[in-house]
Amino acid sequence: MPPGGNEGGALQSVRYRLVAAICIVPLVLYAVIFQGGALATRSYMDEASLQASSALRLAVSALSGHLSRYEPLPALISDHDGIEDLIVHPDDQSLRDAANIYLKDINNLLESSDIYVMTLDGNTIAASNYDQPASFVGENFSYRPYFQEAARGNQSRFYALGTTSLKRGYYFASPITVGDRIRGVIVFKVDIDSIETSWRGGEYKIFVSDPEGIIFMTGSPEWLYSGILPLNRERLQKTHASRRYAEAVLKPLPIVRNTLDDHELMTINTADSREYLVLSHYMPEADWTVNVLMDTASVRSQARTMIVAVVLFLCLAGLALAIFLQRRARLAERMRMQIEARAELEHRVEERTADLALVNRRIEEEIAERRLTEQELRKTQADLIQAGKLAGLGQMSAALSHELNQPLAAAKTYADSAAMLIDLERVPEARDNVRRISGLIDRMASISRHLRNFARKPNEKLGPVALDAVIADTLEIVSARLKTADADLEIDLGGKAGLVGAGLVKAGSVRLQQVLVNIITNAADAIEGLADRRIHLSTEYHGEKIILTIRDHGPGVPAAITDRIFDPFFTTKGVGKGLGLGLSISYNIVKDFGGSLSVTNHPEGGAMFRIELEAANATAREAAE
């Protein structure tokens, strides 16, 4: 065999392998670039959809919370004596002037846009902007759907561009009832510009569209009053009939829709043409759709970056394979090739390490963003809890007013009697009347103090809480509602309330009080007007657990809604009688305590709510909230 024969055969074998590798590489690159690119795009699109879903939920929660603050107010203000007198005597100028000033003060206090009162023919006789150039006084809004619905005796909602003020807003309307007759309509107009302003300049494009596909709110002013659905004759007729957008010019938004797997994509062909990932949520109570658009340029850029990285990795692997084959054919050059390959590999590792460090920084930034989102969600939950308490206070306002009026009337009688007794020099009897007046004042102060404590926002600190004290404070708040419903609350603390360390649970006193107020108030609603109007509140002790049970003798919870009763905004009460937040807030409060809240129907009839809490150690007792 000639010298170098083995080396030549090995070299030729290496060449064959290199040729085969060169032929395979294009096929592998084709599969990576096209098939891998599609997989990477879908993966990043799924992640982007999750982020956009969080933004959508926050936007919907902000809108719902903003609007829910004002929904019960028209019905409350319509009961004002001045408003009822005005609607009965609409031509009395002195009543008009007094009503104008009252509505303006209420409008400034509530920070709403406008408040105005109309007769049943649609004419406005009083308004909070009576002294403004664009005053509503004398205007007729009978063509508005919110007026027509309220004139029929229903609470109504509507969003539109004002025909007089040319300002957008959301309208809440309520009938004004005097005796058993509907005599007029009162309307709240709520400004939505503050919410729209918060959407501008963010990562997402957010807009709200009506059932006809016309954009009513948006963080992009150039899209306002544009249609995302074809503006055909039928849609335009519906819009013009209600004069929802006054004289605003409606125009179509040039869009092209397509899909990627389960994701909806929208390309807006404007001067700066862009493709967006679209997520939508329909709000039935407002009859509009909230849309969140996320630019897909970053998603596709990430997918391209991933493909480039994979291609570079494959090239590096091919290069390593070539080096390995060359080393086997050239034993004499092994050391030199090994040193070069090692140097090349170290250089590649440094580049890869830098890339990994960049990826780690991006992951840390995403974690920080997710934590910030979680904090915002917790803040939103706290605001909803406060809104639920204030809504509950609003519903109990009439009964509490009666509860305070009785001591006031009695105090007035005792004061008049004391004056007469002093004139007759019957000082001991007059002193007894003064003592009785002092007792009545203490009673009213106690009611006011409990309402003030109930309305304040609690902090997040938990600790041992005495059940008997919380139940006593709860009774101060719900006693008026129980009296209105003629309900009898029977309390059984299991005979352990007086023992040291017994009856202590891990909770927050104010929030636990809110849970009991919500459930007892619901029980009073359920049994009002029934023959058996008893409500039972009892406690049981099971080792480290304390269980509170509230049972009524009402119709119970239908099986069809048992799974939905703790959902936010779900309510079986009529319009204006509840936000549907009470039980949802109570469920989350008990969950934050580390406990559980459930509902079942008692075998003998009626609903039974079961609150399970952890028992607390009396030696560690401190102020929970």
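These numbers were taken from a predicted model, which means no experiment stands behind them. For this chain, numbers begin at 1 and follow the sequence in order.
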(request) Considering non-hydrogen atoms only, spot the tightest contact between N601 and G556 and give its length. (result) OD1-CA, 3.4 Å

(request) Indicate yes or no: at least one non-hydrogen side-chain atom of H542 is less than 4.5 angstrom from one of I547. (result) yes

(message) With a 4.5 Å cut-off on side-chain heavy atoms, are L504 and I546 touching?
(response) no

(request) Determine yes or no for a side-chain-to-main-chain donor-acceptor pair under 3.5 angstrom, with N108 supplying the side chain and K104 the backbone. (result) yes

(message) Any non-hydrogen side-chain atom of V208 less than 4.5 Å from a side-chain atom of T289?
(response) no

(request) Anything under 30° is parallel, anything over 60° is perpendicular, the rest tilted; go ahead and classify Y171 against Y146. (result) parallel

(message) Between Y170 and R157, is the side chain to side chain contact (heavy atoms under 4.5 Å, CB included) condition met? List the steps.
(response) CA-CA 7 Å; Y170 198 83; R157 290 180 168 200; 3.1 Å; yes

(request) Applying side chain to side chain contact (heavy atoms under 4.5 Å, CB included), run through M283 and V290 and close with a yes or a no. (result) CA-CA 7 Å; M283 297 177 62; V290 182; 3.6 Å; yes

(message) I'd like to know whether CD of E490 has more than 12 heavy-atom contacts from other residues, nucleotides or ligands below 6.0 angstrom.
(response) yes

(message) Has N100 got a side-chain atom pairing as donor or acceptor with A127's backbone, closer than 3.5 angstrom?
(response) yes

(request) Taking all heavy atoms of I527 and all of G554, pick out the closest pair and write down the distance. (result) CG2-N, 3.6 Å

(message) Quick check: closest heavy atoms across A524 and I535, and the distance to 0.1 Å?
(response) N-CD1, 3.9 Å

(message) Show the nearest heavy-atom pair for residues D180 and T177, with the distance to one decimal.
(response) C-CG2, 4.2 Å

(message) Is there a side-chain contact between L73 and I106 in this structure, where contact means two heavy atoms from C-beta onward sitting under 4.5 Å apart?
(response) no

(request) Given side chain to side chain contact (heavy atoms under 4.5 Å, CB included), test V510 with L512 step by step and report yes or no. (result) CA-CA 6 Å; V510 174; L512 181 56; over 6 Å; no

(message) What I want to check is whether the side chains of Q513 and T474 have a donor and an acceptor closer together than 3.5 Å.
(response) no

(message) Between D486 and R533 (salt bridge meaning N to carboxylate O under 4.0 Å), is one present in this structure?
(response) yes

(request) Determine whether L516 and D473 make a side-chain contact, defined as any pair of heavy atoms from C-beta on separated by less than 4.5 Å. (result) no

(message) Measuring only between side-chain heavy atoms, which start at C-beta, is I585 closer than 4.5 Å to I589?
(response) yes

(request) Check the side chains of N154 and E149 for a donor-acceptor pair under 3.5 angstrom, ignoring hydrogens and angles. (result) yes

(message) Between D114 and S112 (side chain of the first, backbone of the second, donor and acceptor by atom type, cut-off under 3.5 Å), is there such a pair?
(response) no

(request) Evaluate the side-chain proximity of F593 to L462: yes if any heavy-atom separation is below 4.5 Å, no if none is. (result) yes

(message) Testing the basics here: between V190 and S113, what is the closest heavy-atom pair and its distance to 0.1 Å?
(response) C-CB, 4.1 Å

(request) Mind checking salt bridge (charged side-chain N to carboxylate O under 4.0 Å, His left out) for R610 and listing every partner two or more places apart, or none if nothing turns up? (result) E612

(message) Between S78 (side chain only) and A75 (backbone N and O only), is there a donor and an acceptor less than 3.5 Å apart?
(response) yes

(request) Kindly write out the residues that satisfy salt bridge (charged side-chain N to carboxylate O under 4.0 Å, His left out) with R183, not counting sequence neighbours, or none if the list is empty. (result) none

(message) One pair to check against side-chain hydrogen bond (donor to acceptor under 3.5 Å, both in side chains): S54 and R57. What are the steps and the verdict?
(response) CA-CA 5 Å; S54 299; R57 286 193 297 271; 3.2 Å; yes

(message) Using the salt bridge (charged side-chain N to carboxylate O under 4.0 Å, His left out) criterion, which residues pair with E528? Sequence neighbours excluded.
(response) R481

(request) For N291 and I206, run side chain to side chain contact (heavy atoms under 4.5 Å, CB included): C-alpha distance rounded to whole Å, both residues' side-chain angles, the deciding distance at 0.1 Å, then the answer. (result) CA-CA 6 Å; N291 302 269; I206 303 176; over 6 Å; no

(message) Looking at Y587, I'd like to know if its OH atom is crowded, meaning that more than 12 non-hydrogen atoms belonging to other residues, nucleotides or ligands lie closer than 6.0 Å.
(response) no

(request) Have a look at F609 and tell me which of L537, T549, V515, L583 forms a side-chain contact (heavy atoms from CB on, under 4.5 Å) with it. (result) L583

(request) Check whether any side-chain N or O of R551 sits under 3.5 Å from a backbone N or O of G605 as a donor-acceptor pair, and report yes or no. (result) yes

(request) Check each of E604, H536, H602 against H553 using the side-chain hydrogen bond (donor to acceptor under 3.5 Å, both in side chains) test, and report the only one that passes. (result) H536

(message) If you count every heavy atom of other residues, nucleotides or ligands that lies below 6.0 Å from K545 atom NZ, does the total exceed 12?
(response) yes

(message) I need the minimum non-hydrogen distance between I77 and I83, along with the two atoms involved.
(response) O-CG1, 3.8 Å

(request) To the nearest 0.5 angstrom, please state how far the CG atom of D552 sits from the CD1 atom of I520. (result) 11.0 Å

(message) Quick check against the 3.5 Å criterion: does N588 have a side-chain atom that pairs as donor or acceptor with the backbone of S584?
(response) yes

(request) Using atom types as modelled and distance alone, determine if a side-chain donor or acceptor of S128 lies under 3.5 Å from a backbone N or O of I115. (result) yes

(message) I want to check something: taking the side chain as every heavy atom from C-beta on, are Q51 and Y204 in contact at a cut-off of under 4.5 Å?
(response) yes

